[in-house]
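Below: one structure, written as structure tokens.
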2 protein chains.
Amino acid sequence: MESVHVVSPFDVNCPSRPVMEHLSSRWGVLVQIVLLRGTHRFNELRREVGGVSEKMLAQTLQALERDGVVHRLVHPVIPPHVDYSLTELGVRTATAVRGLFDLLFERWEDFATAQEAYDERKARA
Amino acid sequence: MESVHVVSPFDVNCPSRPVMEHLSSRWGVLVQIVLLRGTHRFNELRREVGGVSEKMLAQTLQALERDGVVHRLVHPVIPPHVDYSLTELGVRTATAVRGLFDLLFERWEDFATAQEAYDERKARA
DNA sequence: CAGCATCCTAGCAGATACTG
DNA sequence: CAGTATCTGCTAGGATGCTG
């Protein structure tokens, strides 16, 4: 008998927390957006996502693959050729993340203005 | 003459990166969701968001306030009383974040299954 | 090309104590 | 109550070198 799991990221020990953290991680969000534009190879992703190290990209992709968000297709050739794409679930998560992105673009002026106002207030005080 | 800023989080040095990271940070996402349900005081938030330390909550709230996402209202009384709420911009960002959350709930079985399958494949290999 | 293994460090983050 | 200040540890994350 399995107990019913109520998934709540507000609970410290909920297994959904790590998943949420993968989806919203620094590199995770960028990778999802890039893959939403289509399949990419490892080094293509690396070039698209500015500043990501090899190690962190590999780590990020593995976490997202394990979570069922990213699909990894290995072509058995030499030199190696690996294609990364979004699963159906990944398209859903990436689309949600894209919502945040779009907001960042649309409202960038508001973010920037708020920051200036905040710093101004602090400097004055 | 100001140059036109093209905001691109894919660029290493784009000022939008820190903002994106605040919005998608471990505690940032949880705080936004809680505040979407209404105004909260500091220690109310602390209780709602499981596992967050005083320090990290303060830090998170300050970053979100500076970004124009969270509004901080100080009532000049003793003992202190501070109300945190979302700005209009914050409601927008929090709603986007909520999209990710809802997905996590709706599709939790798929995430869990994917993880098991992945671990199974690895153990086998 | 697509990684993994190793080493190393900055700074993220927790615990504790104190203050207006 | 709502924070700061300080100390410290841990680990995310970068650099480098190697492999199938």
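Chain identifiers are assigned alphabetically (A, B, ...) following the order of the sequence lines, protein sequences preceding nucleic acid strands; residue numbering begins at 1 within each chain.
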How close or far is atom [atom2] of [N] from atom [atom1] of [X], stated in whole angstroms?
X      : N      : atom1 : atom2 : value
R46(B) : dT4(D) : CZ    : C1'   : 14 Å
N43(B) : dC1(D) : CG    : P     : 6 Å
E54(B) : dA2(D) : CD    : C1'   : 8 Å

Distance-only donor-acceptor check, side chains H75(B) and D83(B), under 3.5 Å: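 Side-chain D/A pair, H75(B) to D83(B): present.
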
R41(B) side chain near dC1(D) phosphate (N/O to OP1/OP2, under 4.0 Å):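 No, because none of the side-chain N or O atoms of R41(B) sits under 4.0 Å from OP1 or OP2 of dC1(D).
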
Contact under 4.0 Å: Y84(B) side-chain N or O vs dG3(D) OP1/OP2: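 Yes, such a contact exists.
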
Partners meeting salt bridge (charged side-chain N to carboxylate O under 4.0 Å, His left out) with D102(A) (sequence neighbours left out): R98(A)

side-chain contact (heavy atoms from CB on, under 4.5 Å) assessment of T93(A) paired with D67(A): CA-CA 11 Å; T93(A) 64; D67(A) 293 340; over 6 Å; no

Residues from residues 66-79 of chain B lying under 4.0 Å of DNA chain D - heavy atoms: R72(B), P79(B)

Outermost nucleotides of DNA chain C that come under 4.0 Å of a non-hydrogen atom of chain B: dA13(C) to dG20(C)

Short N-O contact, R66(B) and E116(A), less than 4.0 angstrom: no

Pair E21(B) + R17(B), salt bridge at N-O below 4.0 Å: no

For H71(A), side-chain contact (heavy atoms from CB on, under 4.5 Å) partners two or more places apart: L73(A), S85(A), T87(A)

NZ or CZ of R37(A) within 45° of F10(B) ring axis and under 6.0 Å: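 Here R37(A) passes the 6.0 Å and 45° test against F10(B).
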
Nearest-0.5 Å distance that lies between atom [atom1] in [X] and atom [atom2] in [Y]:
X      : Y       : atom1 : atom2 : value
T95(B) : F101(B) : OG1   : CZ    : 13.0 Å
N43(A) : E48(A)  : CG    : CD    : 12.0 Å
L23(B) : L64(B)  : CG    : CG    : 6.5 Å
T60(A) : Y84(A)  : OG1   : OH    : 11.0 Å

Angle of first-five versus last-five pair axes in the helix from dC1(C)-dG20(D) to dG20(C)-dC1(D), to 10 degrees: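 Computed angle between terminal axes is 60°.
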
Where L86(B) and G90(B) come nearest, the two heavy atoms and their spacing: CD1-O, 3.9 Å

Detail all sub-3.5 Å separations between protein N/O atoms and N/O atoms belonging to nucleotides 9-13 of chain D.
{"unit_1": "dG13(D)", "atom_1": "N7", "unit_2": "K55(A)", "atom_2": "NZ", "d": "2.6"}
{"unit_1": "dG13(D)", "atom_1": "O6", "unit_2": "K55(A)", "atom_2": "NZ", "d": "3.3"}

Residue whose nearest DNA chain D nucleotide is more 5′ - A58(B) or P80(A):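 Residue closer to the 5' terminus by nearest nucleotide: A58(B).
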
R46(A) side chain vs V52(A) backbone, donor-acceptor pair below 3.5 Å: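 Answer holds: yes.
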
Touch class at under 4.0 angstrom, heavy-atom based, for Q62(A) against every strand present: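 Here Q62(A) touches the backbone only, sparing every base.
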
